[in-house]
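Owing to the predicted nature of the structure, the values given are computational and were not obtained by experimental measurement.
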Amino acid sequence: QVQLVESGGGSVQPGGSLKLSCTASGDTVNSNRMGWFRQAPGKEREGVAAINTGSGSGVTNYADSVKGRFRISRDNAKKTIYLQMNSLKLEDTAMYYCAAGNLRYASRWLGPNEYNYWGPGTQVTVSS
C-alpha cells in the first residue's frame with residue numbers, strides 16, 4: 001500500500017508562483033508513475049502533469065493548459081515529486097491532488113482512473 005501526502009498549497013496573486021511537493025511512503029516498489037491532478041468546483045478532475053518514477057529516465061507529460069508554466073520533477077531517493085507552478089492564472093485555482101500507480105507506458109498518463117493511490121489534496125487559490 002502507498003500513502004501520499006501533498007504540501008505547498010496556498011493563495012497567490014495572478015502571475016505568482018507556488019511549488020507543490022508530494023511524498024510517498026509505504027510499499028512504493030511497484031509504483032512507476034506519479035502525477036498531479038486538479039479539480040475545481042463544478043469541474044471534473046483533470047490531469048496536470050505526470051512523471052515516471054521508475055529507475056529509467058523521468059519522462060514527463062503535461063496538460064496543454066500548463067505547458068511552459070508548470071514543471072514536474074522527481075527525487076526518487078526521497079520518494080517525492082514536485083510541481084513548480086509559475087505564471088499562475090485565475091483558472092489554475094483548484095484542489096491539487098498527487099497520485100501514484102503502476103502504469104503501462106501507453107496508458108493515459110493524465111487519466112485519473114489510471115492511478116491507484118491518491119493524496120488528500122492541497123488547495124491552490126489564485127486571486128486578486
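Here the side chains of Gln1 and Tyr117 are in contact, with some heavy-atom distance below 4.5 Å. Within the 4.5 Å cutoff, the side chain of Ser128 has heavy atoms near those of the Pro14 side chain.
Nearest heavy atoms, Leu18 versus Gly9: CD1-C, 4.5 Å. Nearest heavy-atom pair, Ala94 versus Ala40, reported as atom, atom and distance to 0.1 Å: CB-N, 3.9 Å. Considering all non-hydrogen atoms of both residues, Met34 and Ala100 come closest at CG-CB, 3.8 Å.
A donor and an acceptor atom, one from each side chain of Asn86 and Arg69, are nowhere located under 3.5 Å apart. Side-chain contact check for Thr23 and Thr80: at least one donor-acceptor pair (N or O, by modelled atom type) lies under 3.5 Å.
Using a 4.5 Å cut-off between side-chain heavy atoms of Ile, Leu, Val, Met, Phe, Trp and Tyr, with links allowed through other members, Val66 and Leu90 fall into the same hydrophobic cluster. Tyr62 is not connected to Leu110 by any chain of hydrophobic side-chain contacts under 4.5 Å among Ile, Leu, Val, Met, Phe, Trp and Tyr, and they are in different clusters.
Every residue meeting the ring-ring contact (aromatic ring centres under 6.0 Å, His included) condition with Tyr115, not counting sequence neighbours, appears here in chain and number order: Phe37.
Tyr97 and Trp118 have perpendicular rings, their planes meeting at more than 60° on a 0 to 90° scale where under 30° would count as parallel.
Here the side chain of Asn76 pairs a donor or acceptor atom with the backbone of Gly54 at under 3.5 angstrom. Counting only distance, with no hydrogens or angles, the side chain of Thr53 and the backbone of Arg33 share a donor-acceptor pair below 3.5 Å.
Each of Val126, Val12, Leu88, Val124 was checked for a side-chain contact (heavy atoms from CB on, under 4.5 Å) with Thr93, and the lone residue meeting it is Val126. For the side-chain contact (heavy atoms from CB on, under 4.5 Å) criterion with Trp109, the lone passing option out of Leu103, Asn61, Thr60 is Asn61.
The line from CG of Asp92 to OG of Ser87 is 9.5 Å long, rounded to the nearest 0.5 Å. Considering CG of Leu83 and SG of Cys22, their distance stands at 10.5 Å, rounded to 0.5 Å. Taken from CZ in Arg38 to CZ in Arg45, the straight-line distance is 13.0 Å, to the nearest 0.5 Å. Note: Ile51 CD1 to Ile81 CD1 = 7.5 Å, rounded to the nearest 0.5 Å. How far CD1 of Ile72 is from CD of Gln84: 12.0 Å, rounded to the nearest 0.5 Å. Separating the OG atom in Ser21 from the CD atom in Glu6 is a distance of 10.5 Å, to the nearest 0.5 Å.
The stretch residues 41-91 participates, sequence neighbours left out, in no disulfide (SG to SG under 2.5 Å) pair at all. Here disulfide (SG to SG under 2.5 Å) pairs that include residues 32-89, with residues two or more places apart or in two chains, number zero.
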